[in-house]
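No experiment lies behind these values; they were computed from the predicted model shown.
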Amino acid sequence: MRSLIVFLKPSVAKRRASSTIGPIGLLLVAASFMGCQVRRPELAGGPVKVDSAQLGVSLQERRDFRFAGGTLGFSNAFAAARLNGVTQLNDSTFSLSVAPENAPINPSPWYAFKVWSATPRRIYFQLDYGRFKHRYDPKISYDKVHWQELGGKDTFSAVISNDTALISGQELIDAAQVYRWTAGLARQPFVKRSIIGYSMLGRPIEVLATARRPKKPVVVLMGRQHPPEISGFMALQAFVEEVFGTSERARRFREHVDVVCIPMINPDGVDEGGWRHNMAGVDLNRDWEGFKQPETRAVKAYLERLVEQGDVDILFALDFHSTYHDVFYTNKPSAGDLLPGFADRWIHALERDVPGYTASIKPSPNGGNVSKGWLSRRFGAEAITYEVGDNTPRPLIRQVAQAAAKRMMEMLPAAVDQP
């Protein structure tokens with residue numbers, strides 16, 4: 001048995017893995033090496049072992065694409081989303097290929113690229129997903145903070161100048177931004193930030209938790225199992241900030257209930273631009289029975305340890321996602337429920353709090369391999385997949401999420417105290 005130890009900076013390692021190996025080369029590496037240890041300088045604790053035989057995705061090559069004698073350029077040399085190739089069709093029209101990490105896969109083409117021109121000019125873009133259908137309409141930003149919709153779907157245009165533009169299907173929130181957000185929340189004295197495990201490529205899976213005491217009930221909040229689902233992550237941020245806030249409501253709630261937030265379960269998918277999967281080519285929200293992936297195993301081990309060692313109950317759980325329209329996927333009632341009927345009461349109260357808002361509630365049995373089913377079966381939690389529409393107006397996302405958090409903080413302690 002042989003192993004390969006690679007000592008490369010993350011950016012170099014990613015480019016080498018794509019440009020010199022490719023998907024066929026990965027299979028050859030798997031045949032030659034039983035494992036690969038990748039030392040990532042930003043992580044402490046020694047080399048992280050990666051089983052190259054399980055690296056089931058095609059990594060994109062990070063590079064610049066230059067045209068018109070170098071005066072016009074595209075780039076994917078940054079974290080998050082994908083651009084796999086650029087072809088010039090005429091003097092102002094370019095075809096951009098966007099391929100998934102592997103297939104079969106949920107049709108969620110996730111793209112982003114930088115583009116610039118030495119002289120201002122209108123460029124026409126054609127997104128080519130192969131056999132997959134378009135999902136995310138283009139947006140443009142110059143600072144990664146303010147975004148403007150460009151109009152159009154997989155064919156659109158924009159005036160490009162030497163001020164580099166970032167065009168993406170959704171707002172970009174990469175792993176570094178999430179880590180900075182968690183670091184900011186952890187400055188509060190009642191929030192502990194820790195690492196509960198590592199992704200396949202060695203990125204940390206973080207948890208934010210309030211101070212725990214035995215027999216104190218717990219709420220679990222999770223997100224970013226699917227990399228492109230930005231609107232769901234926006235809802236998670238607003239919800240968590242409300243619960244970890246300084247209001248009297250939040251302070252009283254934290255006296256009765258502890259909160260655990262695992263905001264980014266799939267950091268590899270986030271930074272490598274995955275449409276859906278982790279680096280093994282697996283949809284993590286279909287791995288909550290077998291727990292074959294390091295990311296889901298880390299969450300499972302942490303929550304089970306929390307319950308068993310802390311002698312606590314997980315009463316309520318939200319897993320934040322995105323889809324075409326706002327949906328709350330709930331579990332049908334079962335004998336082991338700790339708070340039967342709480343989810344429906346909470347959602348209906350939320351509807352009353354947001355004028356004009358109607359929640360779509362879709363119950364399903366708690367069997368199966370998604371997170372909400374496992375949380376219900378394993379802990380008796382009222383577990384919900386909180387789906388936010390791709391194009392739900394961003395102010396409304398925040399308004400609904402904040403109202404949802406406030407209602408939970410008011411209703412949950414009372415539900416726990418009921419005889």
Side-chain angles (χ1 to χ4, degrees), residues 10-12 14-15 17-19 22 57-101 105 107-130 132-177 226-230 268-276 390:
S11 59
V12 176
K14 294 171 193 173
R15 293 186 192 183
S18 170
S19 59
V57 302
S58 175
L59 301 178
Q60 63 180 328
E61 181 183 2
R62 301 289 188 181
R63 54 165 291 194
D64 292 345
F65 305 82
R66 295 184 179 272
F67 302 90
T71 63
L72 173 67
F74 298 77
S75 178
N76 66 358
F78 56 93
R82 291 172 77 83
L83 173 68
N84 298 90
V86 182
T87 302
Q88 186 169 7
L89 302 182
N90 58 42
D91 61 347
S92 61
T93 304
F94 294 81
S95 175
L96 290 77
S97 62
V98 181
E101 57 269 28
I105 195 167
S108 304
W110 178 218
Y111 62 92
F113 57 91
K114 293 179 179 178
V115 57
W116 64 91
S117 173
T119 58
R121 56 190 297 185
R122 180 169 290 277
I123 301 295
Y124 296 85
F125 306 94
Q126 296 180 5
L127 297 170
D128 179 6
Y129 311 124
F132 296 98
K133 293 182 179 180
H134 176 81
R135 175 168 174 177
Y136 302 111
D137 294 345
K139 301 173 179 62
I140 189 168
S141 175
Y142 295 91
D143 59 7
K144 209 175 177 181
V145 175
H146 303 91
W147 294 84
Q148 179 181 351
E149 295 183 0
L150 281 173
K153 293 189 178 295
D154 55 357
T155 301
F156 57 95
S157 71
V159 175
I160 303 301
S161 69
N162 61 1
D163 187 4
T164 300
L166 178 59
I167 295 177
S168 177
Q170 293 283 53
E171 300 89 337
L172 286 186
I173 303 177
D174 60 27
Q177 290 170 274
H226 299 150
E229 297 183 3
I230 297 297
D268 288 347
V270 168
D271 269 5
E272 299 299 336
W275 292 15
R276 184 84 169 182
D390 296 335

Can you measure from [atom1] ([X]) to [atom2] ([Y]) and round to the nearest 0.5 angstrom?
X: W110; Y: I105; atom1: CH2; atom2: CD1; result: 13.5 Å
X: T71; Y: R66; atom1: OG1; atom2: CZ; result: 9.5 Å
X: L59; Y: D268; atom1: CG; atom2: CG; result: 9.5 Å
X: R135; Y: D154; atom1: CZ; atom2: CG; result: 15.0 Å

>> Does Q126, at its CD atom, have more than 12 non-hydrogen atoms belonging to other residues, nucleotides or ligands within less than 6.0 Å?
In response: yes
> Can you tell me if CD on Q148 sees more than 12 non-hydrogen neighbours from other groups inside 6.0 Å?
Replying inline: no
> Would you call the rings of W275 and Y129 parallel, tilted or perpendicular, where under 30° means parallel and over 60° means perpendicular?
Replying inline: perpendicular
> Is a donor on one side and an acceptor on the other found under 3.5 Å between the side chain of Q60 and the backbone of L83?
Replying inline: yes
> Counting only N and O atoms by type, is there a donor-acceptor contact under 3.5 Å from the side chain of K139 to the main-chain atoms of G169?
Replying inline: yes
>> With side-chain hydrogen bond (donor to acceptor under 3.5 Å, both in side chains) as the criterion, how do S157 and R122 come out once you've worked through the C-alpha distance, each side chain's angles and the decisive distance to 0.1 Å?
In response: CA-CA 7 Å; S157 71; R122 180 169 290 277; 2.9 Å; yes
>> Quick one, E229 with Q170, criterion side-chain contact (heavy atoms from CB on, under 4.5 Å). Give me CA distance, side-chain angles, the key distance, then yes/no.
In response: CA-CA 8 Å; E229 297 183 3; Q170 293 283 53; over 6 Å; no
> If you take all heavy atoms of Y111 and L127, which pair is closest and at what distance?
Replying inline: CZ-CD1, 3.5 Å
> E101 and R276: which non-hydrogen atoms are nearest, and at how many Å?
Replying inline: OE2-N, 2.9 Å
>> Assess, by modelled atom type and distance only, whether the side chains of S75 and D64 contain a donor and an acceptor separated by less than 3.5 Å.
In response: yes
>> Does S168 form a side-chain contact (heavy atoms from CB on, under 4.5 Å) with Y136? I'd like the steps, not just the answer.
In response: CA-CA 8 Å; S168 177; Y136 302 111; over 6 Å; no
> With ring centroids as reference points, do F94 and F74 lie under 6.0 angstrom apart?
Replying inline: yes
>> Just checking F125 against F113, ring centres under 6.0 Å apart?
In response: yes
> W147 and side-chain contact (heavy atoms from CB on, under 4.5 Å): which partner among L172, I140, I167?
Replying inline: L172
